[in-house]
Amino acid sequence: MARSIVVGTAGHIDHGKSAIVRALTGIDPDRLKEEQQRGITIDLGFAHLVVGDVTIALVDVPGHERFVRNMLAGAGAIDAVLLVVAANEAVKPQTREHFDICRLLGITRGVIALSKADLVDDDTLALAALEIRELVAGSFLEHAPLIPVSAPTSRGLDELRAALAALADGTPRLGRDSVVRLDVDRAFTRKGFGTVVTGTLVSGETAVGAELSLLPAGQRVRVRGLHMHGAAVASAQAPRRLAINLGAIEVADVPRGVTLATPDVLPVTRRVDAHVTVLPFARPLAHGARVRVHHGAAEHIARVSIAAVRGDGPSDAWRSVAPGDAGVIIAPGGEGFVRLRFTAPVVVTRGDRIVLRAPSPSATIGGAVVLDPEPPLAGVRRRGTLERFQAIADDDEWLTRWLADAGESGLSEPDLVRRGGLGSAAARTTFEHLVAKAGAVRVGTQIVHPAIAESLARARAARVTPTTGPSGSDAADAPIAEALLRQLEQAGLTPADTGALAASTGVAADAAARVLARLARDRGVVRVDTLYFHPEVLARLKNEVQALAKSAAPAKAYVDVATFKARYGLTRKFAIPLLEWLDRERVTRRVGDKREVVAR
């Protein structure tokens, strides 16, 4: 059976990554005119080769420190790395940073190419090899093949091809059995075809005619054509590099970083709980810090809320962060539990790896593993927060804790696929195993925590009794409320109307209207005109607008409809009701055609 693997290059600028790719494949990965003129790689390049029954897709990344963001866009989806180090220079700064990024991304396989071997004598070659071995000691590359290579003379190329092919014996790093997932790293228009996107299919299988979702927007698209390494194919299975011809969408609507996926299987969120590791020689990560988050081929902005830290003192124990402690940091070499609050929707699931970089000056701070892409609304500095984070970080305890958090709503198999990062078969097995060992109780299509099962049974019984009171109704509505709140949080400042909300959650329209009205009475949602908003969304909006007054002081700050629409990407349908709500909340005050932000 044919095998495949996606390998990314890594290493310092001018250490010969692209030259090795050309020598291995006969394909020039430097596709841009500027790259060919300047002789340096600026953006991602792609090539492939076949060794026996193994197809190797190569993603060539830039080595210059100014283009680390492009390097990350390519490295996020690879299964293995080809670390390239020049024999005449040995380990350099970007060698270290690229190597650190590969570790943070959880890459576990690779080969080391000691390039430009024709430029040095044997002693210098041995010294360079020793320095590389010191760099990778104790890491996933500690026992990796280290092969002296010369692109001009072809020295070591056959050995390198064989070593790369041997990497295909492992399992795909991001594989999920039934979930199509491809992060778009390039989009362009091809005459006669329309919009074409490229990326690495990291899991699942797709085919011509398949319907996929374009996330985070959620737009449905149809696969009109598939190309793999320049040849048209009817279907493709991960891991593969693919070019996909999409129907009924403009190239401007498919920027780098968007995700093509099986519909309704990946969460779109703005809040993520994660376990962060800060690199030993990086700057500290401070509570409240603004960071660039690299995930897949995408780059996002997020704020960091630190819940607990370890490694910031003589004790190696975890320490909860007290409410109001704004000066807390995760020290270099330390770790922490954090909540990341994103400025725009992101597509992540449990187990995803992300890289954190400082916005300015740009530098890699550390990495994180996503523990929960849809955490509870409660803040992260509450009693029991550390225990919750420790539980959801444990491979054996995370689901039990999620069940406790879910209460009477419980969890379904689709929840474990979407939020838990499992394939459908793994989700089914996990369900059955947990129920079999009495760690959960099955109630219809849901499972609930054993401690909650009895009260849920009483609530269900109350629902069929003519004298059902408010408590029974509330219990019956809990799953509907949970689904509606999740949709409203994801929608941000542009929520759908009640009918569309009902359709997207699979709830009857009258039930959705009833539950939304009750949530509005209980202040679980905020009604603005005919629309319902998640309270956290409006709280963020209020804080952001109030901050304008502080930044403009001593002058006055103003907003008008046009600037408000542009700032938040809104149409008048949403902008006018929100501005009027800000007036009622006394955040703004109408002054002619503008609104003055009220200083606090």
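What you see is a predicted model, and the numbers here were worked out from it, not measured in a lab.
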Please check this pair: side chain of [X] against backbone of [Y], looking for a donor-acceptor N/O pair closer than 3.5 Å.
| X | Y | value |
| --- | --- | --- |
| Asp394 | Asp396 | yes |
| Arg527 | Asp529 | yes |
| Ser203 | Val179 | yes |

Scanning both residues in full, the closest heavy-atom pair of Ala393 with Leu371 reads CA-CD2, 3.8 Å
Taking salt bridge (Lys or Arg N to Asp or Glu O under 4.0 Å) as the test, write out the residues that go with [X], two or more places apart.
| X | value |
| --- | --- |
| Arg283 | none |
| Asp264 | Arg220 |
| Arg303 | none |
| Glu374 | Arg418, Arg486 |

Who are the side chain to side chain donor-acceptor pair (under 3.5 Å) partners of [X], not counting sequence neighbours?
| X | value |
| --- | --- |
| Ser412 | Asp415 |
| His275 | Glu335 |
| Asp352 | Arg181, His295 |
| Glu580 | none |

Do you know which of Val587, Val598, Leu579 makes side-chain contact (heavy atoms from CB on, under 4.5 Å) with Val545?
Val587
In this structure, which one of Val276, Leu285, Val338 forms a side-chain contact (heavy atoms from CB on, under 4.5 Å) with Val291?
Leu285
Go through the structure and list residues passing side chain to side chain contact (heavy atoms under 4.5 Å, CB included) with [X], not counting sequence neighbours.
| X | value |
| --- | --- |
| Val528 | Val526, Phe533, Leu538, Pro577, Trp581, Arg584 |
| Ala496 | Ala500, Leu501 |
| Thr262 | Val180, Val265 |
| Ser139 | Phe99, Arg103, Val136, Leu141 |

Please examine the side chains of [Y] and [X], heavy atoms only from C-beta on, and report whether any two atoms are closer than 4.5 Å.
| X | Y | value |
| --- | --- | --- |
| Val304 | Leu340 | yes |
| Val278 | Ile329 | no |
| Val321 | His287 | no |
| Pro535 | Arg523 | no |
| Tyr568 | Leu578 | no |
| Ile78 | Ile107 | yes |

Yes or no on salt bridge (Lys or Arg N to Asp or Glu O under 4.0 Å) for Arg271 and Glu489, after CA distance, side-chain angles and deciding distance?
CA-CA 10 Å; Arg271 294 178 301 116; Glu489 185 178 23; 2.4 Å; yes
Does the pair Asp273 and Arg339 meet the rule for a salt bridge (Lys or Arg N to Asp or Glu O under 4.0 Å), with working shown?
CA-CA 4 Å; Asp273 284 351; Arg339 177 162 294 173; 2.7 Å; yes
Gap separating the CZ atom of Arg388 from the CH2 atom of Trp402, nearest 0.5 angstrom
9.0 Å
Taking the basic N atoms (NZ, or NE/NH1/NH2) and the acidic carboxylate oxygens, is any pair closer than 4.0 Å for Arg401 and Asp405?
yes
